[in-house]
Amino acid sequence: MGDLRSKFLGVYSVLKSELLNDPAFEFTDVSRQWIERMLDYTVPGGKLNRGLSVVDSLKLLKDGKDLTDDEFFHSSALGWCIEWLQAYFLVLDDIMDGSHTRRGQLCWFRLPKIGMIAVNDGILLRNHIPRILKKHFRGKPYYVDLLDLFNEVEFQTAHGQLIDLITTHEGEKDLSKYSLSLHRRIVQYKTAYYSFYLPVACALLMAGEDLEHHTDVKTILIEMGTYFQVQDDYLDCFGDPEVIGKVGTDIQDFKCSWLVVKALEIASEEQKKLLHENYGKDDETCIAKVKELYKVLDLEGVFREYESSSCQKLTKLIESHSSKAVQAVLKSFLAKIYKRQK
């Protein structure tokens with residue numbers, strides 16, 4: 001795994017070098033240094049699960065046969081396009097949420113002399129993706145499908161972000177509008193498409209598959225993405241910040257979190273009143289009261305039950321798929337996220 005990661009990071013270096021010498025723009029030394037620093041800070045610092053999943057998935061689609069050097073490079077390049085997309089979303093998301101830390105370090109816009117220039121950096125990150133695709137995939141029969149795929153997934157993710165943001169508007173804090181169906185919609189569009197469907201769809205296109213014939217795979221991966229986000233919501237409250245690399249802020253941010261939705265479902269009228277009075281306030285006492293209520297309602301137990309039934313349901317869906325290779329891809333995804341701690 002370490003060897004795969006280092007080879008994968010080697011492809012990042014190649015792509016970064018190409019972007020820093022893109023003939024479409026006349027770089028100054030200062031602008032080139034800025035972009036290099038920004039890329040190194042925002043793109044390769046995460047777990048790289050999304051990007052590496054393209055490489056893993058392509059190998060599994062080839063029945064576990066080793067990838068040629070060409071296949072490794074191209075699947076890695078697509079993986080990095082997803083990591084670039086992720087970086088673009090996170091840089092802008094952190095600004096919108098007023099976040100302080102990301103991946104165990106200060107958010108990019110919080111660094112000295114960066115500030116709102118980070119907005120333009122986000123736009124640059126987004127614009128790097130078609131540059132990579134054009135340079136390395138223009139001659140491929142699936143080039144247009146790749147462009148369509150990235151454009152569509154970005155469209156879906158941005159709209160998921162919109163629903164998330166407009167449900168947390170300052171001055172309009174109304175917990176009664178939060179429900180499991182709203183949570184599911186936010187999660188499906190904001191996270192599941194780009195984190196789960198996109199890596200597998202990239203691998204399927206590289207393997208010569210038509211995505212129209214794999215709508216069932218999309219359905220399973222969106223379901224998996226929903227489970228992943230529920231885990232994220234759980235870890236935001238109950239996870240160890242040292243392990244997950246950030247301090248959870250869902251309670252004070254008035255997020256439509258799975259935890260608050262479940263709490264509203266099972267709470268008494270008095271407990272609901274406590275939630276309405278304390279949820280969404282950036283005050284340590286209020287946050288502590290919400291967390292205490294979550295403990296009283298045994299949301300940790302409710303989550304464990306949900307996790308177990310989700311895994312059973314997903315396994316059943318995966319095993320009903322006709323292709324053993326596709327089954328292997330989906331099972332590897334599930335294995336990576338089941339009972340994760342970060």
Side-chain angles (χ1 to χ4, degrees), residues 1-20 35-91 101-105 108 125 128-129 131-133 135-137 146 150 153 191 194-207 221 224-225 228 231-232 235 239-240 242-246 325 328-342:
M1 183 64 198
D3 187 43
L4 171 64
R5 192 185 170 94
S6 61
K7 271 182 74 181
F8 186 65
L9 284 164
V11 176
Y12 165 77
S13 299
V14 173
L15 299 175
K16 180 178 76 168
S17 175
E18 290 169 352
L19 290 164
L20 293 173
I35 293 170
E36 180 165 24
R37 180 186 172 212
M38 182 269 290
L39 288 177
D40 287 344
Y41 197 89
T42 62
V43 179
K47 296 187 285 287
L48 307 181
N49 285 345
R50 293 167 183 83
L52 287 164
S53 293
V54 183
V55 183
D56 291 342
S57 298
L58 182 62
K59 187 173 178 178
L60 290 166
L61 288 171
K62 290 183 65 192
D63 296 319
K65 293 189 189 84
D66 283 340
L67 302 182
T68 64
D69 288 346
D70 184 66
E71 286 170 335
F72 181 84
F73 180 85
H74 282 89
S75 58
S76 295
L78 288 181
W80 280 113
C81 284
I82 300 172
E83 293 295 334
W84 246 268
L85 189 69
Q86 157 92 332
Y88 152 62
F89 290 142
L90 297 185
V91 165
T101 57
R102 167 73 63 185
R103 295 170 170 169
Q105 58 183 9
W108 173 243
L125 286 163
H128 285 163
I129 298 165
R131 305 305 292 174
I132 295 169
L133 294 177
K135 182 160 182 68
H136 295 287
F137 295 90
L146 271 180
F150 273 89
V153 167
T191 304
Y194 93 90
S195 297
F196 285 80
Y197 175 60
L198 183 55
V200 176
C202 284
L204 285 167
L205 286 174
M206 272 197 74
L221 287 162
M224 218 180 280
F228 177 85
Q231 284 179 313
D232 227 42
L235 291 169
D240 178 355
E242 290 292 317
V243 177
I244 57 179
K246 61 179 179 179
V329 170
L330 297 171
K331 280 182 175 173
S332 82
F333 259 75
L334 185 56
K336 281 176 198 163
I337 63 169
Y338 184 56
K339 289 193 180 288
R340 71 190 173 98
Q341 298 299 310
K342 62 179 181 176

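The analysis underlying the following values was restricted to heavy atoms, covering all of them including side chains, and did not include hydrogens, waters or symmetry mates.
Atom CG of L48 is separated from atom OG of S76 by 11.0 Å, given to the nearest 0.5 angstrom. To the nearest 0.5 Å, atom CD of residue E71 and atom NZ of residue K65 are 10.5 Å apart. Interatomic distance, L58 CG to F72 CZ, rounded to the nearest 0.5 Å: 11.0 Å.
A distance-only check finds no donor-acceptor pair linking the side chain of R102 to the backbone of V91 [under 3.5 Å]. Between the side chain of R103 and the main chain of T42, a donor-acceptor pair closer than 3.5 Å is present. Under the 3.5 Å distance criterion, the side-chain polar atoms of S53 are matched with a main-chain donor or acceptor of N49. Although no hydrogens or angles enter the test, the distance criterion places a donor-acceptor pair under 3.5 Å between the side chain of S332 and the main chain of V329. Using modelled atom types, no side-chain atom of S57 and backbone atom of V54 make a donor-acceptor pair closer than 3.5 Å. Put simply, the side chain of H74 gets close to the backbone of H136: a donor and an acceptor are under 3.5 Å apart.
Side chains of I82 and V153 form no contact here, defined as non-hydrogen atoms less than 4.5 Å apart. Residues L198 and R50 form no side-chain contact, since every pair of their non-hydrogen atoms from C-beta on lies 4.5 Å or further apart. Contact of the L78 side chain with the L146 side chain is registered, since non-hydrogen atoms from C-beta on lie closer than 4.5 Å. A 4.5 Å side-chain heavy-atom check between F137 and L205 finds every atom pair outside the cut-off.
For K62 against T68, the heavy-atom pair with the smallest separation is NZ-N, 4.4 Å. Of all non-hydrogen atoms in F150 and C81, the two that sit nearest each other are CZ-CB, 3.6 Å. Nearest heavy-atom pair, M224 versus L330, reported as atom, atom and distance to 0.1 Å: CE-O, 3.6 Å. Between A77 and V11, the closest heavy-atom pair is N-CG1, 4.1 Å.
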Side chain to side chain contact (heavy atoms under 4.5 Å, CB included) assessment of K7 paired with V55: CA-CA 11 Å; K7 271 182 74 181; V55 183; over 6 Å; no
Verdict with reasoning, I35 to L19, per side chain to side chain contact (heavy atoms under 4.5 Å, CB included): CA-CA 9 Å; I35 293 170; L19 290 164; over 6 Å; no
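K16 and E36 are joined by a salt bridge, as a carboxylate oxygen and a charged side-chain nitrogen come within less than 4.0 angstrom of each other.
Taking the six-membered ring for Trp and thresholds of 30 and 60 degrees, W80 and Y12 have ring planes inclined between 30 and 60 degrees apart. Using bins of under 30°, 30° to 60° and over 60° for the plane-to-plane angle, the ring pair H128/W84 lands in the perpendicular bin.
Of the candidates Q86, E83, M38, V43 forms a side-chain contact (heavy atoms from CB on, under 4.5 Å) with just one, namely E83. Of the candidates L125, L133, I132, I129 forms a side-chain contact (heavy atoms from CB on, under 4.5 Å) with just one, namely L133.
Partners of K135 according to the side-chain contact (heavy atoms from CB on, under 4.5 Å) rule, which considers only residues two or more places apart in sequence or in another chain, are E18. Applying the ring pair (Phe, Tyr, Trp, His ring centres under 6.0 Å) rule to Y338 yields no partners; only residues at least two apart in sequence or on another chain are considered. Contacts of F89 classified as ring pair (Phe, Tyr, Trp, His ring centres under 6.0 Å), with partners at least two apart in sequence or in another chain: Y194.
Counting heavy-atom neighbours within 6.0 Å of D69 CG, excluding the residue itself, gives a total of 12 or less.
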